[in-house]
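Scope of the values below: all heavy atoms of this structure, side chains included, with no hydrogens, waters or symmetry mates. What you see is a predicted model, and the numbers here were worked out from it, not measured in a lab.
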Amino acid sequence: MKISSFAGKPAGPWMLTNIPGLVAAFYTGIPDAENQEEKVVFGTSGHRGTSLKNTFNEWHILAICQAICMFRVGQKTDGPLFMGMDTHALSVPAFSTALEVLAANGVQIMISKDDEFTPTPAVSHAILTYNKGRTSGFADGIIITPSHNPPGDGGFKYNPPSGGPAPDTATAWIENKANEMLSAKLKGVKRISLARALHISSTHRYDYLNTYVDDLHNIINMEAISGSGLKIGVDALGGAGMHYWEPIAKRYGLNLTVFNQWADPTFAFMPVDWDGQIRMDPSSEYAMQNLIGLKNKFDISIACDTDYDRHGIVTGKSGLLPPNHYLSVMIDYLFKNRPLWSAESMVGKTVVSSQMIDRVSARLRRKVYEVPVGFKWYADGLLDGSLGFCGEESAGASFARINREVWTTDKDGIIAALLSAEILAVTKQDPGEIYNELSRELGTSYYDRIEAAATTAQKQLLSKVSTSQFDQKQLAGEKITSVITNAPGNGASIGGLKVSTENGWFAARPSGTEQIYKIYAESFVGEEHLKQILAEAQIMVDNVLK
């Protein structure tokens, strides 16, 4: 994985997205329904693309929204639809087009009060709050976001009444129906004008911000944070939750300072990520140079990505915590400090997350529920309480309320960020110090992830790989103990494979959101052993792609 010479440095003017051109392409582009690259494709978390490549434009949104309306009818989902968006440039035009279609179909739509941007967790929270105790008339939602992707990207995600990302059965139906409508030149799509959609009786205003903020004390020990007097720095990253921080501070009496609290669709304030692109990834040491620069000015510094479903944590002693480190710390802390949680509640992890999570969970005598990448696999477990905590190595997590009831079934970067302050306030140790103790007691993890460009065809090859394609007996000098293509927790396909030995493993899978594939690896032996695992894994993946 070649690191750009611009990585971690301020973005140059030539790197910034041409926003007028991007938006114009959204309205003028027409996707080729016969071109696989330009079809509607629901990856790990919705359809993503860019108008500059004809992979995310108005035709896509018209077709997807009409398909969602038809899906709702088939599922008898007739409650309100909560809709939010982030601050990417394509989110506002996509929101407007979606509203026109939903209103034309008679959907009761809940849009934000004062036209505020709306974080992903606030939408999930709203859906679950509305549905609690109901036996019919369930609500669902739409979130318009490409997550932490570059400024030129757009994204569109459907959340069913479970409140989390839609399962494969739902996204496959919506995807196929949307592509049928693209092929039919949008025949069957209903639409009214935006002016009418905004004022029609089925369009309602909902106070996402205060409803969410006022409930935070039921999941985070806000009194402990307030009473500690901790100085908290927040890089809002110009994201959907940027205006949530000051109300949180005011409501709970927190000593909190917020930076980058404005919407800039070019995200010009962002340091460049590892590959020379602007990317709002709170887990990237390159993209988070501004946040890392705050480490000596505050007791703890936090950030979330553009739709606020991912977190970044910086401490004075450890700097930016790798996601796997913080996931392990959250698990260790929460299961020790939430006495009302069930003794049977499990830890949810993905197949590409650190084995340190397994070691921490074993010490806590908690079962691990290991699933493929994608938060959709956790929704049912969070809803029924069988999962107390769920996390992904890409810095996404959610967990139960203090009283063990469900909070969100989608990732929530805000609660993960605030929990770091609770941990410091209660234990008097920052999360980095706690992780170092875990390492001394349970072993040192050496973890890395590499990425490479991949075509759609190559991604499909890797996603359908079979264990029979591998006859290797050893990995990095150790006997291979397992080769799997299905997750141990729920038996679902991982869309790639995972190879394990006694002291290490690697997993390879195509990205569900970008034209790349990823190789994840971990060693509990050392850096050289990790490098050897990655090198041999790359050879194995190359053989599959050939």
> Taking side chain as C-beta onward, heavy atoms only, is R48 less than 4.5 Å from D153?
Replying inline: no
> Say you draw a straight line from CZ of F26 to OG of S91; how long is it, rounded to the nearest 0.5 Å?
Replying inline: 9.5 Å
> Is a donor on one side and an acceptor on the other found under 3.5 Å between the side chain of D448 and the backbone of L530?
Replying inline: no
> So, R401 side chain and V406 main chain: donor-acceptor pair closer than 3.5 Å or not?
Replying inline: yes
> Any sub-3.5 Å donor-acceptor pair from Q469's side-chain atoms to S466's backbone N or O?
Replying inline: yes
>> Nearest 0.5 Å, please: how far is NE2 in H60 from OG in S51?
In response: 10.5 Å
> For L438 and V360, which heavy atoms make the closest approach, and how far apart are they?
Replying inline: CD1-CG2, 4.0 Å
>> Given 3.5 Å as the limit, does a donor-acceptor pair link the side chain of Y308 with the main chain of T118, or not?
In response: no
>> Please check if the number of heavy atoms outside E34 that lie under 6.0 Å from its CD is greater than 12.
In response: no
> With side chains defined as the heavy atoms from C-beta onward, is the minimum distance between L237 and T306 less than 4.5 Å?
Replying inline: no
Distance-only check: which donor-acceptor pairs under 3.5 Å involve side-chain atoms of residues 490-500, not counting sequence neighbours?
| from | atom 1 | to | atom 2 | distance (Å) |
| --- | --- | --- | --- | --- |
| N490 | OD1 | A492 | N | 3.1 |
| S493 | OG | G495 | N | 3.1 |
| K498 | NZ | V351 | O | 2.9 |
| K498 | NZ | E370 | OE2 | 3.0 |

>> Can you confirm whether the side chains of D542 and Q538 place a donor and an acceptor under 3.5 Å from each other?
In response: yes
>> Rounded at 0.5 Å granularity, tell me how far OH in Y286 sits from CE in M270.
In response: 14.5 Å
> Any side-chain heavy-atom pair from P121 and D410 closer than 4.5 angstrom?
Replying inline: no
> Looking only at heavy atoms, what is the nearest atom pair of Q289 and P271, with distance?
Replying inline: CB-CG, 4.0 Å
>> Does atom CG (D358) have a neighbourhood of more than 12 heavy atoms from anything else shown, all under 6.0 Å?
In response: yes
>> Run the ring pair (Phe, Tyr, Trp, His ring centres under 6.0 Å) test on F335 and W341 for me, step by step, so that the C-alpha distance in whole Å, both residues' side-chain angles and the decisive distance to 0.1 Å come before the verdict.
In response: CA-CA 8 Å; F335 283 95; W341 283 14; 5.2 Å; yes
>> Less than 4.5 Å apart, side chain to side chain, heavy atoms only: is that true for Q460 and P510?
In response: no
> Taking the side chain from S124 and the backbone from G163, do they hold a donor-acceptor pair closer than 3.5 Å?
Replying inline: yes
>> Could you go through R366 and I331, starting from their C-alpha distance and side-chain angles, then the distance that decides it, and tell me whether this counts as side-chain contact (heavy atoms from CB on, under 4.5 Å)?
In response: CA-CA 10 Å; R366 296 285 176 166; I331 293 164; over 6 Å; no
> Can you tell me how far the NE2 atom of H148 sits from the CZ atom of R310, to the nearest 0.5 Å?
Replying inline: 4.5 Å
> Do you see a donor-acceptor pair shorter than 3.5 Å between the side chains of S284 and D273?
Replying inline: yes
>> Using modelled atom types and a 3.5 Å cut-off, is there a donor and acceptor pairing between side-chain atoms of T50 and backbone atoms of G152?
In response: yes
> Can you find a pair of side-chain heavy atoms, one from P161 and one from D140, that are under 4.5 Å apart?
Replying inline: yes
> Got a second to check how far N290's CG is from S301's OG, nearest 0.5 Å?
Replying inline: 11.5 Å
> Is any side-chain heavy atom of Y369 closer than 4.5 Å to a side-chain heavy atom of W377?
Replying inline: no
>> Keeping Q66 on the side-chain end and A178 on the backbone end, is there a donor-acceptor pair under 3.5 Å?
In response: no
> Would you call the rings of Y158 and F71 parallel, tilted or perpendicular, where under 30° means parallel and over 60° means perpendicular?
Replying inline: perpendicular
> Would one find more than 12 heavy atoms of other residues, nucleotides or ligands at under 6.0 Å from atom CD of E502?
Replying inline: no
>> With a 3.5 Å distance limit and no angle check, can you tell me whether N54 reaches the backbone of I30 through a side-chain donor-acceptor pair?
In response: yes
>> As a quick check of understanding, evaluate side-chain contact (heavy atoms from CB on, under 4.5 Å) for L475 and F506, giving each step before the final call.
In response: CA-CA 9 Å; L475 173 67; F506 83 84; 3.7 Å; yes
> Does some side-chain heavy atom of V314 sit less than 4.5 Å from a side-chain heavy atom of D235?
Replying inline: no
>> Is there a side chain to side chain donor-acceptor pair (under 3.5 Å) between E393 and T350? Walk through the geometry before answering.
In response: CA-CA 7 Å; E393 62 78 35; T350 61; over 6 Å; no
>> As a test of understanding, state which of Y435, Y447, Y446 forms a ring pair (Phe, Tyr, Trp, His ring centres under 6.0 Å) with H325.
In response: Y435
>> For a quick check under 3.5 Å, do T408 and S398 share a side-chain donor-acceptor pair by atom type?
In response: yes
> Is the closest side-chain heavy-atom distance between S420 and I302 below 4.5 Å?
Replying inline: yes
> Which heavy-atom pair separates V371 from Y378 by the least distance, and what is that distance?
Replying inline: CG2-CE2, 3.5 Å
> Going through the checks in order, is the side-chain contact (heavy atoms from CB on, under 4.5 Å) test met by V347 and L364?
Replying inline: CA-CA 10 Å; V347 175; L364 293 166; 5.8 Å; no
> Under the ring-ring contact (aromatic ring centres under 6.0 Å, His included) test, which residues partner Y326, sequence neighbours left out?
Replying inline: H311
> If you look at every heavy atom in V541 and A508, which pair is closest and at what distance?
Replying inline: CG2-CB, 3.6 Å
> Atom CE in M280, atom CG in N260: separation rounded to 0.5 Å?
Replying inline: 12.0 Å
>> We want to know whether D281 and S283 form a side-chain donor-acceptor pair, criterion being a heavy-atom distance below 3.5 angstrom.
In response: yes
> Do we get R359 above F524's six-membered ring, with its NZ or CZ under 6.0 Å from the centre and within 45° of the axis?
Replying inline: yes
> What are the two closest heavy atoms between T120 and K411, and how far apart are they?
Replying inline: CG2-O, 4.3 Å
>> One pair to check against side-chain contact (heavy atoms from CB on, under 4.5 Å): Q355 and S445. What are the steps and the verdict?
In response: CA-CA 8 Å; Q355 198 184 69; S445 162; over 6 Å; no
>> Looking at D332 and R363, is any side-chain nitrogen of the basic one under 4.0 Å from a carboxylate oxygen of the acidic one?
In response: yes
> What heavy-atom pair brings T501 and E478 nearest, and what distance separates the two atoms?
Replying inline: OG1-OE1, 2.6 Å
>> Once you measure the plane-to-plane angle for F267 and H88, does it fall in the parallel (<30°), tilted (30-60°) or perpendicular (>60°) bin?
In response: tilted
> Side chain of R338, backbone of I219: donor and acceptor closer than 3.5 Å?
Replying inline: yes
> Q458 side chain to L545 main-chain N or O, any donor-acceptor pair under 3.5 Å?
Replying inline: no
> Do we see a donor-acceptor contact under 3.5 Å between the side chains of S147 and D305?
Replying inline: yes
